[in-house]
Participant: 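Below you will find the structure I want to go over with you.
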Protein chains: 4
Amino acid sequence: MASTPDPARRSERARLAVLDAALAVCRDNGFAQLTIEAIAERAGVSKKTIYRWWPSKGAVLLDAVADSATTLVTYEDTGDLARDMCAQLNSVVAMLTPQETSPLAAVIAEAQREPALAQALRDQMRPRIEGFEERLRRAQHAGDLPAHADLGVALDLFYGPIYHRLAFHFGMPDEEEIRSRVDHVIAALRAADPAR
Amino acid sequence: MASTPDPARRSERARLAVLDAALAVCRDNGFAQLTIEAIAERAGVSKKTIYRWWPSKGAVLLDAVADSATTLVTYEDTGDLARDMCAQLNSVVAMLTPQETSPLAAVIAEAQREPALAQALRDQMRPRIEGFEERLRRAQHAGDLPAHADLGVALDLFYGPIYHRLAFHFGMPDEEEIRSRVDHVIAALRAADPAR
Amino acid sequence: MASTPDPARRSERARLAVLDAALAVCRDNGFAQLTIEAIAERAGVSKKTIYRWWPSKGAVLLDAVADSATTLVTYEDTGDLARDMCAQLNSVVAMLTPQETSPLAAVIAEAQREPALAQALRDQMRPRIEGFEERLRRAQHAGDLPAHADLGVALDLFYGPIYHRLAFHFGMPDEEEIRSRVDHVIAALRAADPAR
Amino acid sequence: MASTPDPARRSERARLAVLDAALAVCRDNGFAQLTIEAIAERAGVSKKTIYRWWPSKGAVLLDAVADSATTLVTYEDTGDLARDMCAQLNSVVAMLTPQETSPLAAVIAEAQREPALAQALRDQMRPRIEGFEERLRRAQHAGDLPAHADLGVALDLFYGPIYHRLAFHFGMPDEEEIRSRVDHVIAALRAADPAR
DNA sequence: AGCTAAACGAGACGGTACGTCGCGTCTTAAT
DNA sequence: ATTAAGACGCGACGTACCGTCTCGTTTAGCT
């Protein structure tokens, strides 16, 4: 059995060239022009090499985005929850701006077509969500949030505005808008009564 | 010059067949199989006819979705804001379930590729948003929400969770989850202090 | 059932452009460069159009050769069998010269790889062989050949030298060589004793 | 400079495995499946090894065929020219049967695409042709053929029928057909008058 | 009611990208 | 240094849809 190639023989040069090219094509030519052939040509790599190591162009892009966004996994803790959340959300917004040429936006869009990519994207999100929850738990211990605050609700409400805007191309929220939404969400989490 | 066809001569039969076929293909075969050719074949219509009346397959789908979701424009007013919002959001969730074959989800996904479709989608959303804002203003007059509540924040926070889930295929929220998020948002809107 | 396209809708322009391009590419670039893509590009035609109407590149070439060699079907009858056979064989030799860029040689070579093409080639040869046999029968009636002369042997011996040379790239026979072989064959047919 | 490898270091095991595999793949899977990769896999040899020692897959096949047909170089001399020629031709026919999987037929077909292989094939044929001519010269000395018989004509006419059949897939001649053609050719060579 | 111009079905067309195959070159590790 | 293994850049393969374009054939609106 030899269905999957031997990773030991993999060319690091080709791998990096492909990931770079994927980001470059997306940034320069937009999502629509982002084809396997364009990536291959820009990377100076054969299509075969791409297909050997990635199942789809979405997977290439996901890898590329993941490589270029490792910082997002860790959540700062300045002691000011609102400030930390704003920093994090503004980083995400920056990655999604401009929406038409954002590799991350492209991955998300592609995931709507490819269930397999959606799965991979979700897997890749998991550590970030854990970082998020950890930060929130620290806030709970610090007394910034009540102990009973629902972290699932928090995740949806903190991140929801960004993806609501993304879905309908309403334009990404600016820093002020982020701030007001963060404040609302923190207020909600503090006000919520689990005994309702 | 006769670049645009005469709408008076338009075949209603063909129009309905196309819209039905678009929904049917999306539901039966999923987003990936949703091509103009598949719609044309299923509708028993020539591709030319589709291209004569719609600029793209996304536009067909948007029309089809709009036709099948006219009820969403108007917001109920039972006097209970939380209940009304839950009803509305549950309707949206129902339209997006299952995500893989939801025509609305497909339109949103397609809009990520086609800026023109994104524009059309936004235009088509406007009356719904106005309905939403109207309902919220009634809530303000009824004293359910403070007069200074930010309707933009409200829109993002009420709808955000759905599209956050959609983007990453986290699974649509169930009724209970909707309820808890709606409650949080209403609490946030009540708690927020504009003088901050 | 609609596996084969409707010939009534076929574009004559495209058909001729393809056949011309096939011959041109073969003549200009040689057999090795003769690809479907090269033909399509030269013809200003999409690959799909070629695949719609021909099963393989060999079939295209066979059609092109057949169109350009209709004259070979009919055998002259000047009353001089040797002269007529030489004329015919020299025509064939001309079609096979130079061997490296001869479309007919290419068809024959391709037929070695594609049994289906070999069949088509044989079918397309049949009327020529009938013309050959008819000419020989006239020679028999004219007393130029004995009545018992074996036409199968005649076919093999008249044409054999050309294809022997072709197979091993010995160089096509010139007119003098053709003449001597024709004379030998006629002598053989006259000398043969069926009662052996 | 070390462009050519050192033959002394050549692995005889690999060499034989490659030649065997070439014949085996040709016989088992036919000409179309006969690729360098298939040979390498079947031989348990790396592609690099093949490319180190042979310029092309045709060359491999030619070597393989030559190794397996050394007997054809020498012409028997039983004193009966017709019988000896029939024996020789029947041997060739046997090598070309069945045509679709005959390695020799494959070499000839391949030589139509690769001029370099055609040259090598011709070179490899030379000793056989010399054997042929020698046999014919003995026939001349024995009085079986006239002294002025044209050996070039003889070569074309004796071998021509086989390659005529091969080119058009008419089916190889059986022993009886070989016999009748040989008899005709001998008759022609005896009848020909060089003073014509 | 008949005429005529459009919209219609069908589907061929020139393209672009797809995902695959085999080529001939190359790199690596193990004899 | 040659070998087995196999990744690599390359280019052609045959396919799928795209959006455009004829074709006859309805069919709707005007005479």
Participant: Using a cut-off of 4.0 Å on non-hydrogen atoms, how would the nucleic acid contact of B/Ala8 be classed: base, sugar-phosphate, or nothing?
Facilitator: sugar-phosphate

Participant: Rounded to whole Å, please give me the gap between CD in B/Glu114 and P in F/dC18.
Facilitator: 11 Å

Participant: Would you tell me if any nitrogen or oxygen in the side chain of C/Trp53 comes within less than 4.0 Å of OP1 or OP2 on E/dA12?
Facilitator: no

Participant: Can you confirm whether D/Val18 sits close enough to D/Trp54 that some side-chain heavy atom of one is under 4.5 Å from a side-chain heavy atom of the other?
Facilitator: yes

Participant: From CD1 of C/Ile39 over to P of E/dG14, roughly how many Å is that when rounded to an integer?
Facilitator: 14 Å

Participant: Let's see if you get this right: which residues in residues 13-20 of chain A place a heavy atom under 4.0 Å from DNA chain E?
Facilitator: none

Participant: Calculate the interatomic distance between C/Asp6 atom CG and E/dC13 atom P; express it in whole Å.
Facilitator: 11 Å

Participant: Would A/Asp20 and A/Arg15 pass as an ion pair if we require N to O under 4.0 Å?
Facilitator: no

Participant: Please identify which of these residues, B/Glu100, B/Arg113, B/Gln112, meets the side chain to side chain contact (heavy atoms under 4.5 Å, CB included) condition with A/Arg113.
Facilitator: B/Arg113

Participant: Hey, are C/Lys57 and C/Glu114 close enough for a salt bridge, meaning a charged N less than 4.0 Å from a carboxylate O?
Facilitator: no

Participant: Select from A/Ala38 and D/Ala32 the residue whose nearest nucleotide in DNA chain E is closer to the 5' end of that strand.
Facilitator: A/Ala38

Participant: Grab the CZ-C1' distance between C/Arg10 and F/dT22 for me, whole Å please.
Facilitator: 17 Å

Participant: Mapping B/Val45 and A/Thr35 to their closest nucleotides on DNA chain E, which lands nearer the 5' end?
Facilitator: B/Val45

Participant: Looking at side-chain heavy atoms only, is the closest gap between C/Thr101 and C/Phe31 below 4.5 Å?
Facilitator: no

Participant: Take atom CD of D/Glu41 and atom P of E/dG22, then tell me their distance rounded to the nearest Å.
Facilitator: 10 Å

Participant: Do the side chain of A/Glu110 and the main chain of A/Leu117 share a donor and acceptor less than 3.5 angstrom apart?
Facilitator: no

Participant: Looking at B/Ser46, does any N or O in its side chain come under 4.0 Å of the phosphate oxygens OP1/OP2 on E/dC8?
Facilitator: no

Participant: List in chain and number order the residues that pass side chain to side chain contact (heavy atoms under 4.5 Å, CB included) with C/Asn29, two or more places apart in sequence or in another chain; answer none if no residue qualifies.
Facilitator: C/Val25, C/Gln33, C/Arg42

Participant: If the sugar-phosphate is the primed atoms plus P, OP1 and OP2 and the base is the rest, what is the B/S/- string for nucleotides 24-31 of chain E, using protein heavy atoms under 4.0 Å?
Facilitator: BBBBB---

Participant: Could you say whether B/Leu34 or D/Ala43 is positioned toward the 5' end of DNA chain F, judged by the nucleotide with the nearest heavy atom to each?
Facilitator: D/Ala43

Participant: Does the pair B/Gln99 and B/Leu96 meet the rule for a side chain to side chain contact (heavy atoms under 4.5 Å, CB included), with working shown?
Facilitator: CA-CA 5 Å; B/Gln99 190 173 339; B/Leu96 291 169; 5.9 Å; no

Participant: How many whole angstroms separate atom CZ of C/Arg113 from atom P of F/dA12?
Facilitator: 15 Å

Participant: Under 6.0 Å from the CD atom of B/Gln119, do we count more than 12 heavy atoms belonging to anything else shown?
Facilitator: yes

Participant: For a quick test of reading the model: is some side-chain N or O of A/Thr49 closer than 4.0 Å to OP1 or OP2 of F/dG9?
Facilitator: yes

